[in-house]
Structures are given as C-alpha cells and as structure tokens.
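Working notes, structure below.
Keep in mind that this is a model prediction, so the values were computed, not measured.
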Number of protein chains: 2
Amino acid sequence: MAVTIYDVAKKAKVGIGTVSRVINNSPHISPKTKDKVLKVIKELKYQPHAMAQGLASKRSNSIACIVPDFTSYFFVELLRGIQQEISKHGYDLILYCVDELDKKEVFLRRALREKKVDGVLLLSMPIEERDIERFHQSRLPLVLVDSFHPKVDSITVENEQGAYIGTNHLIEIGHEKVAIITGEYNSFPVKERINGYKRALQNHNIPFNEKYLITADSFNNSELLLDHGFNKMAGYISMQKLLDLGNERPTATFIASDIQAIGALRAISEKGLTIPEDMAIVGFDDIELAEWVELTTMSQPKSEIGRIAVDQIINKISGNNPSLLHKSFLPELIIRKSSGTTLRS
Amino acid sequence: MAVTIYDVAKKAKVGIGTVSRVINNSPHISPKTKDKVLKVIKELKYQPHAMAQGLASKRSNSIACIVPDFTSYFFVELLRGIQQEISKHGYDLILYCVDELDKKEVFLRRALREKKVDGVLLLSMPIEERDIERFHQSRLPLVLVDSFHPKVDSITVENEQGAYIGTNHLIEIGHEKVAIITGEYNSFPVKERINGYKRALQNHNIPFNEKYLITADSFNNSELLLDHGFNKMAGYISMQKLLDLGNERPTATFIASDIQAIGALRAISEKGLTIPEDMAIVGFDDIELAEWVELTTMSQPKSEIGRIAVDQIINKISGNNPSLLHKSFLPELIIRKSSGTTLRS
DNA sequence: ATGAAAGCGCTAACAA
DNA sequence: TTGTTAGCGCTTTCAT
C-alpha cells in the first residue's frame with residue numbers, strides 16, 4: 001500500500017493534522033516539529049494523494065485549456081507559453097481539443113460540475129451567454145484568450161487595428177488594388193480584421209471591392225473549415241481565386257493568418273509570379289515559420305498573451321478578486337521581403 | 001451547493017449505491033430503476049465529482065504525457081494524435097513539458113505517488129533503470145514513445161534502418177561524399193541514425209569521414225541544445241560547417257530531422273548554392289512543413305504511433321495484461337525535390 | 001436487484 | 001502549537 005499521511009504521522013509521532021499543516025506550509029507550526037515531519041516525509045518518500053487532497057480541499061491544482069483542434073502553429077506557440085506559465089505556478093495543464101465548436105459546450109459543462117480543474121482557459125473560441133452565466137454562478141474562473149466577451153476576462157490582440165496597420169502598409173507602399181484573405185466569416189477575429197481592412201481602404205479613399213474579399217466560406221469544402229479556414233490549403237485556394245481575376249487582379253493581399261499566407265505564397269509562385277513584385281503580402285500572427293519564408297506580418301506577442309492569461313486565472317483561483325481584465329495587445333508590423341517596397345512596373 | 005449523489009438518490013427514491021451503479025453502468029440493475037435514476041440525473045444535471053470518484057475508485061481517467069519541451073513540430077504532430085486518441089477513449093490528457101532531462105524524474109516520481117494519472121506516456125526520452133523499477137512496483141502503466149528500453153512497452157520507428165534507407169538513397173543517386181547532420185549524441189535516436197548512416201556507407205564501400213559527421217554537440221551553444229539540437233538553427237550552423245569544408249565539401253547530406261534540414265536549406269541558399277544540384281538533402285520525420293519546402297525525407301507515421309501508444313496504455317490501465325509491446329515502424333522514404341536525381345556535373 | 005455502511009486519504013474546524 | 005474529529009462525494013463490499 002502507498003504511504004499515507006497516517007504513516008507519516010505515526011512515524012513522526014505527531015497527529016495527522018500536523019503533517020497536513022507541514023504539507024500545506026501552514027504558518028502556525030514550530031520549526032522543530034516541522035523539521036521532524038519533513039524528515040519523515042523524505043524518509044518515507046511520502047507524497048500527498050492528489051485526489052484526496054482535491055476532495056477535501058476542493059482544489060485540483062489543474063487548469064483546463066480548451067483549444068480548437070491544434071492544427072495551427074499559432075495555437076501551438078500560444079499553448080507553449082501557457083503550459084510553461086501554468087507549470088511555473090505549480091499547476092497542471094489538462095488539454096482538451098474540440099474539433100467542432102458545439103463540442104466545446106460539453107467540455108465547459110463537464111469542467112463546471114466535475115470539479116476536475118480549478119479554472120478554464122478558452123482559446124480562440126466564442127462563448128455563449130448561458131455558459132457565462134453558468135461559470136459565474138459556480139464561480140469557476142474562466143479566461144478567454146484570443147476571443148472576447150464584455151463580461152469575461154479576456155486577453156486578445158487588436159484585430160481591427162492590426163488589420164488596419166497591415167493593409168495600410170500595403171497601401172502606403174503604393175498598392176491600390178489590395179485584397180484580403182481570411183478565415184470563416186463567423187470566426188471571432190475574422191470580422192474585426194475585415195473591418196480593419198475596410199477602414200484602411202476608406203482612409204485612402206479606395207472603394208471596397210467585393211471580389212477582393214475572400215473568406216474561407218467561399219469554397220464548399222468542409223475539410224478546409226476544420227480550423228475555420230486558417231490553414232495552408234485555404235490560403236492556397238483563396239489566392240488562386242484572386243489570381244484568376246485577370247486584369248482586375250490585386251497587386252497586394254492582406255492575409256489574416258500566416259499559415260494561409262504560406263499557402264498563398266505557393267499559389268503565387270506556381271503561377272510563375274513573384275513576390276513582392278507581382279503580389280505583395282502581409283500576414284498575421286508571426287508564427288515561427290513567417291521569418292523563414294520572409295513574410296511581412298502582424299506579430300502577436302504570443303508568450304506574453306499566454307503569460308498574462310495564466311496569471312489572471314491563477315489570480316482568480318487564488319481568490320484575490322481581480323477586476324475584470326480586458327487586456328488587448330497591439331500587433332506589431334514586422335516588415336520582411338513579402339511586402340517589399342517596389343511595385344511592379 | 002453542487003448536486004451530489006445523495007440528491008439524486010433522494011429524488012429518485014433509491015439508495016446512493018444504486019445511483020452509483022447507474023453511473024458506472026453496472027450490469028446488475030433493473031432497466032426500470034436505471035431509467036428512473038437516469039431521468040433524475042438529467043433533471044438535476046448531476047455530474048459525478050471527479051475527485052471523489054477518483055479517491056474511491058482509485059482511477060483518475062487521466063493520462064500524463066511528458067514531452068521534452070515541445071518546440072519541435074514533430075512532437076506537436078505526435079501529440080495531436082495522442083490527444084485525439086486519449087479523448088476518444090474518454091480520458092483526459094495532462095501535459096507536462098520538461099526543458100531539462102533531469103526534471104523528467106520529478107514528474108515521473110510525482111506521477112507515481114500522487115495518483116493523479118492512470119498512466120504515463122513518455123515521449124522521446126530515455127528512462128533510468130530505477131524509474132522502471134518504481135513503475136513496475138507501483139504497477140502504474142508506462143509506455144515509451146519514440147524511445148526504447150527492453151523492459152518497457154515502446155512504440156518507435158526504426159531509426160537505424162530509416163537512416164540507412166535515407167543515406168542509401170543519396171548514394172544510389174550518385175553521391176559519394178555524403179555527410180550526416182544530427183542532434184546531440186546522447187539523444188536516443190541519434191546514435192541509431194548515425195549507425196544506419198554508417199552502414200549505408202559501408203555497404204557501398206565508402207569510408208567514413210569524421211568531418212562529415214556533425215552532431216549538435218559540436219557547437220558550444222546551450223541555446224541550441226534545448227531540444228537536443230533538433231532545431232532550425234542547429235541545422236543551419238551544422239550545414240555551414242559542412243559548406244566551409246572547401247573542396248572536401250560533401251555533395252549530399254542526410255539530416256536526422258526535418259526541422260534541422262530546414263535550417264540547412266537556408267544555409268545552402270545563403271551561400272548561393274542550389275538544392276539539389278550543389279547539395280542534395282534527405283531529412284527525417286516528414287513534418288507538415290517538409291512537403292512545403294519539397295524536402296525528401298523519411299516519413300514517420302505519427303498519428304499511427306500515437307494511436308498505438310494510447311491503445312496500449314489504455315489496455316494496461318484496463319487491466320488486460322497485454323504482453324510487453326515493442327512496436328517499431330519502418331519509416332518510409334518520401335522523395336521530393338531536395339534529393340533530386342541530378343548530380344552537379 | 002437494491003440499501004446500508006465502511007472506507008478512500010486528505011483538509012479544516014474545533015478543542016485543548 | 002498541536003491532536004482529534006467530522007466531513008469531502010464517491011465506490012464497493014456485505015447483507016438483504
């Protein structure tokens with residue numbers, strides 16, 4: 001049988017309460033007995049039983065992270081920061097992936113009642129009003145990452161402004177026919193990014209051209225929508241559509257995710273066109289790969305986002321009622337070769 | 001207060017034992033009472049408390065996965081398959097990352113005593129004899145993935161043979177000066193891959209040239225060793241070393257991971273050399289990116305590996321004492337542009 | 001087939 | 001400061 005708190009108590013000739021206090025760093029304990037107990041704990045290689053601790057204390061020392069099917073490098077890089085920070089605080093990360101958005105609810109409700117985690121981090125997913133209410137009632141800390149709702153703590157980037165800056169960059173280096181490629185229209189950041197794109201056009205008195213807006217919904221291929229169209233293939237196909245526009249073809253494209261941009265790059269070179277001369281590109285995310293393919297992009301501070309999100313949720317778990325947090329980072333324009341500064345002709 | 005098994009029992013007018021039986025799908029229960037209880041469970045939105053279940057049943061429905069700091073795309077892709085399979089079986093994945101190999105022990109021992117997980121998946125990490133003994137004694141299921149020890153279940157690829165095939169491919173298309181770039185020498189797969197490389201040379205009576213073996217230990221930069229040298233930068237620097245060999249320069253290189261190969265590609269093009277004419281490349285892993293950069297590589301069946309590993313550990317958890325499993329997959333040569341078939345004059 | 005009751009290993013409130 | 005004890009919410013005998 002595994003060694004329990006009773007074994008430790010007996011061997012140290014103290015009560016189990018005392019052992020418990022030692023384990024939990026209770027301040028009210030004499031250094032002498034503390035040392036004695038600690039010694040026995042070491043001798044017996046005692047380790048508290050997580051479930052028993054959890055049941056009695058109503059804490060699990062685990063945080064759930066629900067991610068939308070981590071195909072995307074962006075999530076992976078975000079997740080990396082989150083894991084590190086969670087681990088640093090002595091918590092464990094339980095990872096859930098949902099391939100369909102509806103399934104998210106199942107996890108949320110389970111998390112709520114099952115009491116297996118002390119808090120939930122929801123990545124890049126919308127949340128329904130009734131779920132918010134549920135979390136509020138059960139007082140289970142919830143933090144949104146890369147998603148927004150006025151009533152829930154959230155860490156985001158300024159999608160609208162980011163798209164504005166990216167599009168603006170393309171216009172300012174001389175492009176007038178600027179297109180946008182983005183994910184599924186009902187994905188949270190997509191609308192905002194489209195708005196930023198439109199605002200940049202407006203600012204320069206460039207009329208919005210319907211044909212220059214390619215969302216992932218455009219093509220009827222559910223395969224490509226698994227991650228809301230934020231994938232290489234979707235970017236590839238979207239760019240093909242733009243290139244098929246003949247002499248109406250845009251000379252520059254703002255692409256709302258680097259991974260789509262990477263697909264787009266291929267579509268461009270396959271047509272025998274060059275970047276940035278024939279088509280200038282600005283992406284979004286600054287995934288590790290972006291530098292590799294010399295992609296100009298709007299950089300998201302991924303590890304910073306992860307850090308803040310975890311700090312906030314741990315703050316809430318710890319009971320220091322922090323005020324509602326809506327932290328938003330401004331993405332930074334990283335200029336690389338794909339936008340260039342030269343125009344074609 | 002949350003609804004407990006007592007609330008359900010009271011409302012359904014049965015004992016808590018009966019409710020418990022319903023929850024756990026016990027066969028000895030009349031369909032009638034089962035329905036009645038199920039109805040109440042739904043009405044009350046009852047969900048068993050995970051900790052209480054765990055404490056009483058000694059099962060946590062969680063599986064730990066210890067990965068070496070998931071910087072690498074290979075791990076991510078592996079992890080994806082593992083998560084899916086774990087989830088499919090109704091288990092939760094607790095993810096631990098260890099940046100230093102020594103820290104692994106901490107997690108292993110904690111997993112052993114803390115009873116927070118029902119099994120442990122160890123990815124790409126060696127395991128010490130004494131830890132094996134500990135796991136054996138406490139009967140906590142352990143499965144190695146991408147690592148090997150005779151006494152522990154393991155899912156691997158045939159590194160030696162894979163390296164052999166990759167190197168052999170380069171030799172057969174005409175190369176004689178074939179180098180190898182790989183990770184830290186003490187990393188498990190590295191030695192095997194070096195052996196496969198050497199065997200291929202031998203088979204063709206090509207003498208082994210010390211200068212053509214670049215391991216990640218070669219350079220004194222601990223940054224680069226975080227993931228045992230399996231990263232872009234390490235590949236980049238390693239290739240530079242080879243290119244600096246002047247007229248002794250190899251014409252082909254087998255690179256023991258795609259991510260290093262990607263770094264190497266850059267080093268080559270920066271020197272104004274072309275691939276595959278000046279330098280042919282074969283990588284290892286077939287990460288998603290490999291196709292993108294047209295890298296010939298030895299493909300590992302990542303989702304298959306994950307699936308088998310999870311199935312095995314769940315089998316062990318379920319108590320069907322499966323016999324010791326040592327499944328090894330043969331990596332498959334995927335020929336793309338980076339190896340080409342043309343030699344440079 | 002079902003109910004009652006004894007734990008599972010711990011925390012926390014209460015006494016001392 | 002410390003020991004004792006009553007739960008935490010469930011599973012699992014053991015009766016019935």
Side-chain contact check for A/Leu55: nearest option of C/dA12, C/dG7, D/dC8 is D/dC8
Could you check whether A/Lys13 gets within reach of a base, just the sugar-phosphate, or nothing at all, counting any heavy atom under 4.0 Å?
-> sugar-phosphate
Quick one: A/Asn24 CG to D/dT2 P, roughly how many Å, whole number?
-> 15 Å
Ignoring backbone atoms, establish whether A/Thr18 has a side-chain N or O less than 4.0 Å from OP1 or OP2 of D/dG3.
-> yes
Closest listed nucleotide, where the reference is the side chain of B/Ala56 and the choices are D/dC14, D/dG9, C/dA1 = D/dG9
Is the charged tip of A/Lys327 near the ring of A/Phe329: under 6.0 Å from the six-membered ring centre and within 45° of its axis?
-> yes
Distance, rounded to the nearest Å, where B/Arg21 contributes CZ and C/dA1 contributes C1' = 8 Å
Is any side-chain nitrogen or oxygen of A/Tyr6 closer than 4.0 Å to OP1 or OP2 of D/dG3?
-> no
Does OP1 or OP2 of C/dT2 have a side-chain N or O of B/Ser30 closer than 4.0 Å?
-> yes
Please check the phosphate of D/dT12 (OP1 and OP2 only) for any side-chain N or O of B/Arg59 closer than 4.0 Å.
-> yes
Interatomic distance, B/Gln53 CD vs D/dC8 C1' [rounded to whole Å] | 14 Å
Distance-only, no hydrogens or angles: does the A/Thr4 side chain make a donor-acceptor pair with backbone N or O of A/Tyr6 under 3.5 Å?
-> yes
Out of C/dG9, C/dA1, D/dT1, which has the shortest distance to the side chain of A/Thr33?
-> D/dT1
Separation between CG (B/Asn320) and CG (B/Asn315), nearest 0.5 Å, reads 4.5 Å
Atom-to-atom span, CG of A/Asn61 to C1' of C/dT11 - whole angstrom | 13 Å
Cut-off 3.5 Å, side chains only: do A/Lys116 and B/Ser62 have a donor facing an acceptor?
-> yes
Looking only at atom types and distance, does a side-chain atom of B/Lys58 sit under 3.5 Å from a main-chain N or O of B/Lys115, one as donor and one as acceptor?
-> no
B/Phe148 and B/His326 aromatic ring geometry - parallel, tilted or perpendicular at 30°/60° bounds = tilted
Nearest to the side chain of A/Ala52, which nucleotide is it out of C/dC10, C/dG7, D/dG3?
-> C/dC10
So what is the end-to-end bend of the helix from C/dA1-D/dT16 to C/dA16-D/dT1, with 5 pairs used at each end and the value given to 10 degrees?
-> 30°
Starting from C1' on D/dT11, measure out to CD1 on B/Ile16 and report it in whole angstrom.
-> 9 Å
Closest nucleotide among D/dT11, D/dT2, C/dG3 to the B/Ile23 side chain | D/dT11
Phosphate-side-chain proximity, A/Ser57 and C/dC10, N/O vs OP1/OP2 below 4.0 Å | no
Ignoring hydrogens and angles, state whether a donor on the side chain of A/His89 or A/Glu85 is under 3.5 Å from an acceptor on the partner side chain.
-> yes
Answer yes or no: does a side-chain N or O of B/His49 lie under 4.0 Å from OP1 or OP2 of D/dC10?
-> no
Does one side chain, of A/Tyr91 or A/Asp118, offer a donor that lies under 3.5 Å from an acceptor on the other?
-> no
Between B/Lys10 (NZ) and C/dG3 (P), how many Å, whole number?
-> 15 Å
Can you tell me how far C1' of C/dT11 sits from CD1 of A/Ile29, to the nearest Å?
-> 14 Å
Whole Å only: how far is the NZ atom of A/Lys115 from the C1' atom of C/dT11?
-> 16 Å
Side chain of B/Tyr46: nearest nucleotide among D/dT2, D/dC10, D/dT11?
-> D/dC10
